[in-house]
Amino acid sequence: MSADRKLESASYARLVRVETSAKTVQEVLSKERASNRRVGFVPTMGALHAGHASLLDRARSECDVVVLSIFVNPRQFGDPNDLASYPRPIERDLDVAERALVDVAFTPSVSEMYPNGFTTRVRVEEMSDILEGRSRPGHFDGVATVAAKLLSVVGECRSYFGEKDWQQLMIVRRMVSDLCLPVDVIGCPTVREPDGLALSSRNVRLSDAGRVVATCLSRSLYAGSAAIADGVRDASVVKNAMLQVLSDVSVDYAEIVDEQLRVSEVLHGEVRLLVAADVENVRLIDNVGAVA
Ligand code: AMP
């Protein structure tokens with residue numbers, strides 16, 4: 001960013017402008033771009049925590065206008081109870097947004113995002129049916145559809161996504177590339193508690209004891225990456241090292257994939273270790289990178 005631009009953004013009004021209309025957000029951001037301001041966008045489902053704040057901070061440091069969206073997307077929930085119990089502390093979220101110096105908070109209703117007659121569905125083939133997609137059919141179609149719509153509303157921007165949702169990040173990247181959307185997708189590192197637990201809006205549904213049990217997800221990833229660092233290249237051996245740490249929870253998958261999310265038996269180059277498990281009926285996911 002040039003010094004001039006920095007000065008311009010420093011004099012920018014800092015109160016969060018809350019908008020529920022897609023059209024208004026489109027108009028506001030078009031004007032910003034016409035004044036050569038770079039737009040940074042952080043899409044979320046709210047219940048903001050330090051992980052979300054890290055994305056907002058990154059956007060704030062790299063862009064002139066920071067847009068946050070808060071939308072609990074019904075299309076990505078298979079289980080109606082999961083959707084109904086998803087936390088929605090909107091006032092608290094707007095406080096977080098204000099502290100993060102967000103300029104525009106886009107908080108659309110379901111009917112604003114999916115008006116009567118909305119029949120479009122965006123689907124990224126193959127990548128959407130494995131790992132999370134196997135247990136949550138249709139989940140990533142919902143993610144890709146809402147991401148396509150939000151990115152169309154926001155327009156040309158840098159958009160910040162957490163590595164915490166690695167498969168989602170890969171799918172959004174692919175969708176943006178396939179559709180030539182004018183968006184730079186930027187992956188940001190996972191923010192963790194000091195004991196390794198990845199921050200998640202779902203963690204508030206865990207009891208104190210469940211929270212302690214939940215640290216086994218990150219411990220299993222560290223066990224797997226330590227095995228790789230020790231020279232193990234047989235994926236099944238690494239997987240067993242991960243599963244041993246997960247013996248107290250109901251594991252959905254513990255998997256090692258390459259950059260295209262493909263599972264291979266012999267590990268080579270950059271890989272990602274991913275795990276999903278239920279703790280006290282709360283679905284938790286986590287992942288780390290390693291080089292084999
Ligand atoms: P969500 O509100 O859960 O849909 O998440 C919104 C964005 O925040 C996504 O890009 C997530 O990957 C990201 N995110 C969620 N948790 C974390 C975390 N612990 N560290 C970094 N990013 C995160």
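Numbers for residues simply follow the sequence, beginning at 1.
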Using a 4.5 Å cut-off on heavy atoms from C-beta on, say whether the side chain of [Y] contacts that of [X].
{"X": "L15", "Y": "E98", "answer": "yes"}
{"X": "C188", "Y": "E163", "answer": "no"}
{"X": "E62", "Y": "R58", "answer": "yes"}
{"X": "T120", "Y": "K149", "answer": "no"}
{"X": "W166", "Y": "T190", "answer": "no"}
{"X": "D141", "Y": "V143", "answer": "no"}
{"X": "F161", "Y": "I186", "answer": "no"}
{"X": "E255", "Y": "V263", "answer": "yes"}

If you measure from [atom1] on [X] to [atom2] on [Y], what distance do you get to the nearest 0.5 Å?
{"X": "L217", "Y": "R219", "atom1": "CG", "atom2": "CZ", "answer": "9.5 Å"}
{"X": "C63", "Y": "E32", "atom1": "SG", "atom2": "CD", "answer": "12.0 Å"}
{"X": "I70", "Y": "L94", "atom1": "CD1", "atom2": "CG", "answer": "5.5 Å"}
{"X": "L56", "Y": "T44", "atom1": "CG", "atom2": "OG1", "answer": "8.0 Å"}
{"X": "I285", "Y": "S200", "atom1": "CD1", "atom2": "OG", "answer": "7.5 Å"}
{"X": "D208", "Y": "R211", "atom1": "CG", "atom2": "CZ", "answer": "8.5 Å"}

May I have the step-by-step check of salt bridge (Lys or Arg N to Asp or Glu O under 4.0 Å) for R38 and D184, ending in yes or no? CA-CA 11 Å; R38 180 187 278 167; D184 272 345; over 6 Å; no
Could you see if [X] belongs to whatever hydrophobic cluster contains [Y]? Use Ile, Leu, Val, Met, Phe, Trp, Tyr and a side-chain cutoff under 4.5 Å.
{"X": "V257", "Y": "M242", "value": "no"}
{"X": "Y253", "Y": "M127", "value": "yes"}
{"X": "L151", "Y": "M113", "value": "yes"}
{"X": "V249", "Y": "L243", "value": "yes"}
{"X": "V146", "Y": "L29", "value": "yes"}

Please confirm whether the backbone N or O of [Y] pairs with a side-chain atom of [X], one donor and one acceptor, at under 3.5 Å?
{"X": "S220", "Y": "V245", "answer": "no"}
{"X": "D258", "Y": "R262", "answer": "yes"}
{"X": "S264", "Y": "V266", "answer": "yes"}
{"X": "R173", "Y": "V185", "answer": "yes"}
{"X": "T145", "Y": "V122", "answer": "yes"}
{"X": "R60", "Y": "D64", "answer": "yes"}
{"X": "R233", "Y": "I228", "answer": "yes"}
{"X": "Q167", "Y": "E132", "answer": "yes"}
{"X": "E280", "Y": "S207", "answer": "yes"}
{"X": "K164", "Y": "D286", "answer": "no"}

Sidechain N-carboxylate O distance under 4.0 Å for K31, E27: no
Could you walk me through whether N116 and S111 satisfy the side chain to side chain contact (heavy atoms under 4.5 Å, CB included) test, starting with their C-alpha distance in whole Å, then the side-chain angles of each, then the deciding distance to 0.1 Å, before giving a yes or no? CA-CA 7 Å; N116 270 343; S111 62; over 6 Å; no
Could you tell me if R75 sits above the aromatic ring of Y114, with its cationic atom closer than 6.0 Å to the ring centre and no more than 45 degrees from the axis? yes
On a heavy-atom basis, which atom in [X] and which in [Y] lie closest, and how many Å separate them?
{"X": "L246", "Y": "C216", "answer": "CD2-O, 3.6 Å"}
{"X": "S201", "Y": "P87", "answer": "O-CG, 3.8 Å"}
{"X": "V66", "Y": "V102", "answer": "O-CG1, 3.6 Å"}
{"X": "L55", "Y": "G162", "answer": "CD1-N, 4.0 Å"}
{"X": "F140", "Y": "G133", "answer": "CE1-N, 3.7 Å"}
{"X": "A100", "Y": "D57", "answer": "CB-OD1, 4.5 Å"}

Would you tell me whether [X] and [Y] have side-chain atoms, one donor and one acceptor, within less than 3.5 Å of each other?
{"X": "T20", "Y": "E112", "result": "no"}
{"X": "Y86", "Y": "N73", "result": "no"}
{"X": "D195", "Y": "T215", "result": "no"}

With side chain to side chain contact (heavy atoms under 4.5 Å, CB included) as the criterion, how do R17 and D103 come out once you've worked through the C-alpha distance, each side chain's angles and the decisive distance to 0.1 Å? CA-CA 6 Å; R17 171 173 181 165; D103 297 297; over 6 Å; no
Applying side chain to side chain contact (heavy atoms under 4.5 Å, CB included), run through R136 and R283 and close with a yes or a no. CA-CA 11 Å; R136 306 180 68 189; R283 185 180 177 82; 3.7 Å; yes
Show, in sequence, the C-alpha distance, side-chain angles and deciding distance for V271 and V291, and conclude whether the side chain to side chain contact (heavy atoms under 4.5 Å, CB included) test is met. CA-CA 6 Å; V271 296; V291 181; over 6 Å; no
F41/Y160 aromatic ring centres below 6.0 Å: no
Take atom CD of E193 as the centre, draw a 6.0 Å sphere, and report whether it contains more than 12 heavy atoms from other residues, nucleotides or ligands.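 Check passes, neighbour count above 12.
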Is it the case that over 12 heavy atoms from other parts of the model lie below 6.0 angstrom from the CG atom of N281? no
